[in-house]
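None of the values given here were measured: they were computed from a predicted structure.
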Amino acid sequence: MNLKDLIVPTVRGNFGHTTMDLIYLPTYQELTETYHLKKEDLITNDENSSGGNFWLQNEKVQTMIPTPRLDAIEGFIEGQTGTQRVIIHYEKDFGPFKSKWKPDDFFLENKFGVRPCLRFDVKAYSHLMKVLASKNNDSYSPYRKSQKDYMCINFGTYPVYHKEKQIYPWGDDAVTTTPIAWRILNWQDLPKAINPQGSGKATTIDLFAENIVNEIPYLLTACDFDCHNYWQSSLVRNYLNGSAKSRGYNFLTEAFKKEAILLETIEETKKQKANKNAQTIPQKKGSLTIENNPSVLKEEFIKALKNNPVAILELVPVMKEFINAVESLTSDYTK
């Protein structure tokens with residue numbers, strides 16, 4: 001079992017422009033309508049983030065005024081109030097080097113936090129819990145958040161950077177690593193093996209990071225902009241999932257190093273146990289069949305002696321005794 005067995009891919013996007021990601025950003029609609037989070041749940045007074053604001057994935061906000069046309073590049077949550085905000089741009093400004101206003105400045109100066117989502121496969125997680133329970137390890141078990149009425153899981157770590165320095169995932173100014181607490185969004189639907197009061201409807205455990213794990217721009221330059229799918233080309237997506245555009249660092253492998261080793265160890269132990277069991281299973285003995293046809297016996301006997309002439313020397317005294325015994329029996333019988 002590895003990370004890709006535990007983390008279920010999530011399809012994002014629409015209108016034929018979809019992506020499949022292990023780590024993704026939520027939309028405001030998901031958080032408030034699907035998972036019933038309130039504004040107060042979205043307030044993030046995170047000291048590691050300059051404003052506590054964090055990105056939302058594109059929600060295809062409609063044109064705000066007819067001319068010039070305005071679109072939403074991306075939304076974000078205002079960390080102090082939990083309110084959804086929309087970032088807009090003039091469509092004409094995205095021709096390379098054709099704009100009076102430099103969109104590059106916009107992207108580089110607007111760094112917001114990242115509070116990602118991911119989903120665990122219920123069966124894979126249950127297996128992980130079973131293995132760890134046998135070792136009295138409850139590191140990844142669900143727990144109730146202090147002074148809150150919801151459940152969380154600790155999984156992975158993220159680096160905390162100096163606020164006064166440039167905050168980028170590939171920086172070298174990390175001062176410490178902090179455990180990532182994930183809020184369980186569908187606790188009531190989990191199977192009873194995980195939640196004794198759960199309905200068992202869910203096949204995944206849907207998780208939302210409690211804190212901002214980093215603060216980066218959505219895109220670096222206007223050249224990265226894709227009007228068909230903002231998410232696909234975003235720096236945020238590449239950072240979270242570790243594509244070629246992530247500049248050598250990605251959240252998926254860096255945050256879950258310890259967990260990846262744990263899962264690989266469990267898989268290796270499972271294989272070793274299976275091999276050991278296979279070796280200790282007694283093999284079924286085949287029965288020995290002896291041909292009793294005299295002509296066949298004679299033929300096989302002569303063949304064996306030809307292949308091993310030395311054996312004749314060992315057989316001579318035995319054969320003499322056998323012949324004498326037979327002659328004696330024959331003599332007694334004829335008297």
Side-chain angles (χ1 to χ4, degrees), residues 1-10 20-26 30-31 35 37 41 44 46 48-49 54-55 113-146 148 150-161 169 174 176-191 193-195 198 202-215 236-237 239-242 246 249-270:
M1 184 165 62
N2 54 40
L3 282 176
K4 292 186 178 180
D5 295 318
L6 181 62
I7 304 176
V8 177
T10 299
M20 185 175 291
D21 302 304
L22 296 180
I23 316 293
Y24 64 97
L25 293 185
E30 282 178 302
L31 295 177
Y35 299 117
L37 270 62
D41 295 316
T44 307
D46 198 327
N48 299 317
S49 175
F54 57 92
W55 291 111
V114 180
R115 285 185 65 184
C117 288
L118 57 81
R119 299 186 301 146
F120 283 164
D121 179 84
V122 163
K123 291 183 179 180
Y125 177 78
S126 298
H127 176 65
L128 174 64
M129 290 299 96
K130 184 177 180 180
V131 172
L132 294 180
S134 67
K135 301 178 180 180
N136 297 318
N137 184 344
D138 62 353
S139 301
Y140 303 104
S141 300
Y143 64 92
R144 187 168 297 280
K145 185 72 172 179
S146 178
K148 301 289 184 179
Y150 55 83
M151 304 294 288
C152 290
I153 293 174
N154 286 336
F155 193 83
T157 59
Y158 68 97
V160 175
Y161 297 85
T176 186
T177 54
T178 302
I180 304 174
W182 301 87
R183 177 170 178 169
I184 303 176
L185 297 173
N186 60 339
W187 176 249
Q188 71 281 0
D189 293 327
L190 298 183
I194 301 173
N195 175 13
T203 58
T204 62
I205 306 174
D206 301 349
L207 305 172
F208 178 41
E210 277 283 274
N211 296 96
I212 292 172
V213 298
N214 218 319
E215 192 176 28
V236 177
R237 178 188 177 231
Y239 156 62
L240 291 176
N241 291 277
S246 63
Y249 182 101
N250 71 82
F251 178 81
L252 180 64
T253 57
E254 293 295 328
F256 305 136
K257 281 183 177 179
K258 177 182 176 182
E259 286 71 22
I261 294 173
L262 171 64
L263 294 172
E264 289 175 1
T265 301
I266 291 174
E267 182 65 20
E268 185 61 29
T269 302
K270 181 180 177 181

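- Of all the heavy atoms in I194 and W187, the pair that sits closest is O-CH2, 3.5 Å.
- Atom CD1 of I266 and atom NZ of K130 lie 12.5 Å apart (nearest 0.5 Å).
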*CA sep, side-chain torsions, deciding dist, call: K258, T157, side chain to side chain contact (heavy atoms under 4.5 Å, CB included)*: CA-CA 9 Å; K258 177 182 176 182; T157 59; over 6 Å; no

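- Shown here for L207 and W182, the closest heavy-atom pair between the two residues is CB-CB, 3.8 Å.
- The side-chain heavy atoms of Y239 and E254, taken from C-beta on, include no pair separated by under 4.5 Å.
- Distance alone, capped at 3.5 Å, is enough to place a donor-acceptor pair between the D121 side chain and the A124 backbone.
- Side-chain atoms of N241 never come within 3.5 Å of backbone atoms of D21 as a donor-acceptor pair (strictly under, hydrogens ignored).
- For M20 against P9, the heavy-atom pair with the smallest separation is CG-CB, 3.4 Å.
- Rounding to the nearest 0.5 Å places CH2 of W55 at 12.0 Å from CD1 of I212.
- To the nearest 0.5 Å, the span separating CD1 on I261 from CG on N2 amounts to 13.5 Å.
- For the pair V122 and A202, the tightest heavy-atom approach, listed with the atom from each and the gap, is CG2-O, 3.8 Å.
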*Should L25 and L240 be marked as a side chain to side chain contact (heavy atoms under 4.5 Å, CB included) after you check the CA-CA gap, both sets of side-chain angles, and the distance that decides it?*
CA-CA 9 Å; L25 293 185; L240 291 176; 4.2 Å; yes

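- The structure places CG of L6 at 11.0 Å from NE2 of H127, a figure rounded to the nearest 0.5 Å.
- Between Y140 and L132 there is a side-chain heavy-atom pair separated by less than 4.5 Å.
- Contact annotation: the side chain of L263 approaches that of L3 to within less than 4.5 Å [non-hydrogen atoms, C-beta and beyond].
- Using the six-membered ring where Trp is involved, F155 and F256 have ring planes that are tilted, between 30° and 60° apart.
- Put simply, the side chain of E210 never gets that close to the backbone of R183: no donor and acceptor are under 3.5 Å apart.
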*Stepwise, does the side chain to side chain contact (heavy atoms under 4.5 Å, CB included) test hold for V8 with F120?*
CA-CA 6 Å; V8 177; F120 283 164; over 6 Å; no

_As a quick check of understanding, evaluate side chain to side chain contact (heavy atoms under 4.5 Å, CB included) for I205 and I184, giving each step before the final call._
CA-CA 7 Å; I205 306 174; I184 303 176; 4.0 Å; yes

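- Looking at R115, its side chain does come within 3.5 Å of a backbone N or O of A209 through a donor-acceptor pair.
- In this structure, the separation between CD1 on I180 and CG on N211 is 9.5 Å, given to the nearest 0.5 Å.
- For Y143 and N154, the side-chain atoms include at least one donor-acceptor pair closer than 3.5 Å.
- Side chains of P142 and Y125 form a contact here, defined as non-hydrogen atoms less than 4.5 Å apart.
- Once rounded to the nearest 0.5 Å, the distance linking CG of N137 with CG of L262 reads 7.5 Å.
- Nearest heavy-atom pair across I23 and P116 is CG2-CB, 3.6 Å.
- With contacts defined as side-chain heavy-atom distances shorter than 4.5 Å, the pair F208/L37 qualifies.
- Across all non-hydrogen atoms, the minimal contact from E259 to G156 is OE2-N, 3.2 Å.
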